[in-house]
Amino acid sequence: MEFEGKRIELVENLKKRGVLSNPKVINAMLTVPRHKFVPEAAQSSAYIDSPLSIGSGQTISAPHMNAMMCELLDLHEGDKVLEIGTGSGYHAALCAEIVAPKDSITPGHVYTIERHKELANNAKKALNETSYSTQVTVIHGDGTLGNKENAPFDKILVTASSPKKIPPPLMEQLKDNGILCIPAGSKEWGQDLYVIKKKGKHFETNKITGVRFVPLIGKFGFD
Ligand code: SAM
């Protein structure tokens with residue numbers, strides 16, 4: 001089966017499992033070619049609902065996790081998004097497809113930060129090859145510091161697991177009424193996915209489900 005057929009099958013399965021229902025997220029998952037964001041040897045597995053190794057000891061998350069996080073963020077055209085943990089660049093491309101579709105007259109933008117230089121470079125290449133490089137800026141650095149130059153953000157997603165204390169710069173760099181989606185907990189086991197909404201000086205926190213992510217390493221992350 002061609003990649004497009006496999007992509008449609010994956011999306012149908014995620015819909016049946018109740019993981020995917022937002023039409024904008026469905027469209028993004030049908031549009032972004034996940035196989036172009038994984039190493040060549042793993043391309044045949046790109047549409048299996050599983051994490052895959054992308055080098056530097058890191059993984060691209062399973063598609064159901066990408067879908068769930070995009071839905072929880074309630075992304076809209078025009079949103080300015082910050083992602084911590086670029087990895088392959090796939091999740092950034094999904095966000096870009098929603099906040100800055102090609103025909104948009106009010107396009108948003110995705111800023112994404114990766115601590116491994118090689119992964120940041122590979123992600124830039126994949127985003128360029130799939131025509132998302134104008135909507136996504138890849139930054140090499142410590143994402144626990146956020147990105148002051150481009151703050152505040154409508155939405156922030158973190159795709160590595162934070163300690164229980166959420167990095168303060170991320171809370172500060174969220175717009176009023178903005179949404180932060182972040183896994184947090186212990187370094188190896190026992191993490192939960194949280195949705196945090198900023199309401200003036202207050203934050204509303206909701207625990208969504210148990211998850212397992214690679215650790216967020218940095219000044220406000222793990223050592
Ligand atoms: N979103 C990615 C994708 O679509 O492929 C998957 C991300 S992977 C599960 C988590 C990534 O977070 C890894 O690439 C890891 O190197 C990165 N990471 C961990 N701590 C970080 C930090 N402080 N700043 C930036 N990236 C970090």
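Every number for a ligand or one of its atoms is a count from 1 in the order of the listing. As the structure is a computational prediction, the values presented were derived from the model and not from experiment. The figures here come from the full heavy-atom set of this structure, side chains too, leaving out hydrogens, waters and symmetry mates.
Here the closest heavy-atom approach between residue I84 and residue L216 is recorded as CG2-CD1, 3.8 Å.
In this structure, G221 has no heavy atom closer than 4.0 Å to ligand 1. Contact analysis puts P215 in contact with ligand 1, with a non-hydrogen atom separation below 4.0 angstrom. Using a 4.0 Å cutoff on heavy atoms, T86 counts as a contact of ligand 1. Look at G141 and you'll find a heavy atom under 4.0 Å from some atom of ligand 1. For K219, the closest heavy-atom approach to ligand 1 does not fall below 4.0 Å.
Figure legend: K36 and Y90 shown without cation-pi pairing, the cationic atom not lying both under 6.0 angstrom from the six-membered ring centre and within 45 degrees of its axis.
In terms of N/O distances under 3.5 Å, ligand 1 is not approached by N66.
Of all protein heavy atoms, the one lying nearest to atom 10 (C) of ligand 1 is T159 O, 3.2 Å. Among all non-hydrogen protein atoms, the one lying nearest atom 5 (O) of ligand 1 is S88 OG, 2.6 Å. Atom 16 (O) of ligand 1 has as its closest protein heavy atom E114 OE2, 2.6 Å. Protein heavy atom closest to atom 4 (O) of ligand 1, with residue, atom name and distance, is H91 N, 3.0 Å. Nearest non-hydrogen protein atom to atom 26 (N) of ligand 1 is R115 N, 3.3 Å. The protein heavy atom nearest to atom 23 (N) of ligand 1 is I217 O, 2.6 Å. Among all non-hydrogen protein atoms, the one lying nearest atom 24 (N) of ligand 1 is G143 N, 2.8 Å. Summary of contacts: the protein heavy atom closest to atom 13 (C) of ligand 1 is Q58 OE1, 3.2 Å.
Using a 4.5 Å heavy-atom cutoff, the side chains of F153 and V81 are not in contact. Side-chain contact between L119 and T86 is absent, with no heavy atoms from C-beta onward closer than 4.5 Å. Annotation: side chain of S88 is not in contact with side chain of V38 (no heavy-atom distance under 4.5 Å).
A salt bridge links E12 with K15: the distance from a Lys NZ or Arg NE/NH1/NH2 to an Asp or Glu carboxylate oxygen falls below 4.0 Å. Taking 4.0 Å as the cut-off between side-chain N and carboxylate O, K219 and D142 do not count as a salt-bridged pair.
Taking every heavy atom of I113 and a limit of under 4.0 angstrom, the matching atoms of ligand 1 come to 25 (C), 26 (N).
When the heavy atoms of G85, C95, G146 are ranked by distance to atom 12 (O) of ligand 1, first place goes to G85.
Note: L193 CG to C181 SG = 4.5 Å, rounded to the nearest 0.5 Å.
Only the side chain of H116 comes within contact range of ligand 1, with a heavy atom under 4.0 Å; no backbone atom does.
Residues K155 and H76 bring no donor and acceptor atom of their side chains to less than 3.5 Å of each other. Side-chain contact check for N177 and K199: at least one donor-acceptor pair (N or O, by modelled atom type) lies under 3.5 Å.
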